[in-house]
2 protein chains.
Amino acid sequence: MDIRTLCLGLLTLRDASGYEIKKSFENDLSDFYEASFGSIYPALSKLTAEGLLTCTAQPQEKRPDKKVYRITPAGRLAFLDALAKPPGRDHVRSDFLATMLFADLLPARHLAQLIDERLVMHRRSILEQRALLKDVKSAGKRFIIDYGLAWHEAAIAYIEENRHLIESEALLTPGGGS
Amino acid sequence: MDIRTLCLGLLTLRDASGYEIKKSFENDLSDFYEASFGSIYPALSKLTAEGLLTCTAQPQEKRPDKKVYRITPAGRLAFLDALAKPPGRDHVRSDFLATMLFADLLPARHLAQLIDERLVMHRRSILEQRALLKDVKSAGKRFIIDYGLAWHEAAIAYIEENRHLIESEALLTPGGGS
DNA sequence: GAAACCATGTAAGTTGTTACATGATTGG
DNA sequence: CCAATCATGTAACAACTTACATGGTTTC
């Protein structure tokens, strides 16, 4: 599913501006999707040009107009059509895991630090997602946020239980450099 | 980490041809990285041109020469340099989870089928990864394959325990179409 | 007073995929 | 006999990110 289609989908949940859609990507969707303004704004313009969205400009003083998008009936149909197609497979790309593959090339301290930071990141994500969960009504949104939480917790558990397997083989270089 | 750098890294583990590197991506790395021939072959050519790899063509009868790449000392340094930089954050993109966000727009049967297929996919991945695990010696490789297994297992557990939350809200459309 | 937030948009650049081009061999 | 495996490579295309362009407001 491309950004364009996801924007359309998010607008089935509520009317929103490009900026608010970006926030959505950074909050609820942050664990399994990303999008920058550079892809969101053009997507919204194009969808509007195609009649799948309408746009109402709310004049704001001393600021660019806030453009609130609303999905049209044609937009809803188009989105249902996209949803009906079998979902593609996940695309994952983890620098962290790629690095762990080469754990034995890293100085022990550096490796330990990377792992510690990873754990911190997971714990921070858990706190953020839990905070979001409080005012979520939609079952779908709750499901995916909880999924993210379960994933972060599983990752923490796995890493804590197994880090010794790679740390015991890491390079034992005494002096790091400076 | 881009494909280019990962190819370089894989060649720190053993000499390999482009074809074999592709296999590696489809096996050990399949859960958290992907790469097509269209990115691998040009990457290897470029790395060779830059002196980070050497290439030995093994003539094969009735087949294109098999080009076996080997990392050079300069290549090793370049890779260590890349490893030293802090890893970027994960990039995940899951069509499945995006679809689940809109579970209430889907006919109940379709939703149930998507979830069932997802579970099948996870179970198949577990079998494949377990098979790979048998002849793995490197601690790093073992760590990441086990990580994948833990992830698949956590996903199955989560989905089985929570699918009812979205399935009870799915559209109750009696006739699907045909 | 600096950083982050609000608010939109474009253009250039990166990175990668898909499809094409070629073709023998092996296993079911 | 059909599909998969082995084996390499290129060109066109897609999709997205980064950086630029602009500028007031709120929070620490």
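Heavy-atom basis, side chains included; hydrogens, waters and symmetry copies ignored. In what follows, every chain begins at residue 1, and chains take the letters A, B, ... in the order their sequences are listed.
As a whole-Å value, the separation of B:Lys67 NZ from D:dT8 C1' is 7 Å. Rounding to whole angstrom units, CZ of residue B:Arg89 and P of D:dT18 are separated by 11 Å. Note: CG (A:Leu44) to C1' (C:dA7) measures 13 Å, nearest angstrom. Atom C1' of nucleotide C:dG16 and atom NE2 of B:His91 are separated by 13 Å, given to the nearest angstrom. Here the P atom of nucleotide D:dT10 and the NZ atom of B:Lys46 are 13 Å apart, to the nearest Å. Regarding B:Lys22, its NZ atom lies at a distance of 11 Å from the C1' atom of C:dT17, rounded to whole Å. If you take CD of B:Glu26 and C1' of D:dA4, they are 12 Å apart, rounded to a whole angstrom. Residue B:Leu6 contributes atom CG, which lies 14 Å from atom C1' of C:dG16 at whole-angstrom precision.
Considering only the side chain of B:Tyr19, D:dT5 comes nearest among D:dT5, D:dG9, C:dC6. Picking from D:dC16, D:dT18, D:dT8 the nucleotide with the shortest atom distance to the side chain of A:Ser36 gives D:dT18. Here D:dT10 is the nucleotide among C:dC5, C:dG9, D:dT10 with the atom lying nearest to any side-chain atom of B:Pro42. Of the candidate nucleotides C:dA7, D:dT10, D:dC16, D:dT10 has the atom nearest to the side chain of B:Tyr41. Counting only heavy atoms from C-beta on, A:Asp2 has its side chain closest to D:dA15 among C:dT17, C:dG9, D:dA15.
In this structure, B:Lys23 reaches the sugar-phosphate backbone alone: every heavy-atom distance under 4.0 Å involves primed, P, OP1 or OP2 atoms, never a base. No engagement by B:Ser45 is indicated, since no non-hydrogen atom pair under 4.0 Å with the nucleic acid exists.
Here the side chains of A:Leu11 and A:Arg70 are not in contact, with every heavy-atom distance at 4.5 Å or above.
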- Please lay out, stage by stage, how A:Phe143 and B:Tyr158 fare under the test ring pair (Phe, Tyr, Trp, His ring centres under 6.0 Å). CA-CA 10 Å; A:Phe143 182 84; B:Tyr158 177 79; 5.2 Å; yes
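Nearer to the 5' terminus of DNA chain D, by closest-nucleotide assignment, is the contact made by B:Phe37 (compared with the other of B:Phe37 and A:Ala35).
Applying the 4.0 Å criterion to OP1 and OP2 of D:dC16, one finds that A:Ser39 has every side-chain N and O outside that range. Between A:Arg93 and C:dG16 there is a side-chain N or O to OP1 or OP2 distance below 4.0 Å.
Using a 4.0 Å cut-off between charged side-chain N and carboxylate O, B:Asp28 and B:Arg142 make no salt bridge. At a threshold of 4.0 Å, the pair B:Lys23-B:Glu26 counts as salt-bridged, since one of the basic side-chain nitrogens sits closer than that to a carboxylate oxygen.
Atom-to-atom distance recorded for A:Phe32:CZ and B:Phe96:CZ is 10.5 Å, nearest 0.5 angstrom.
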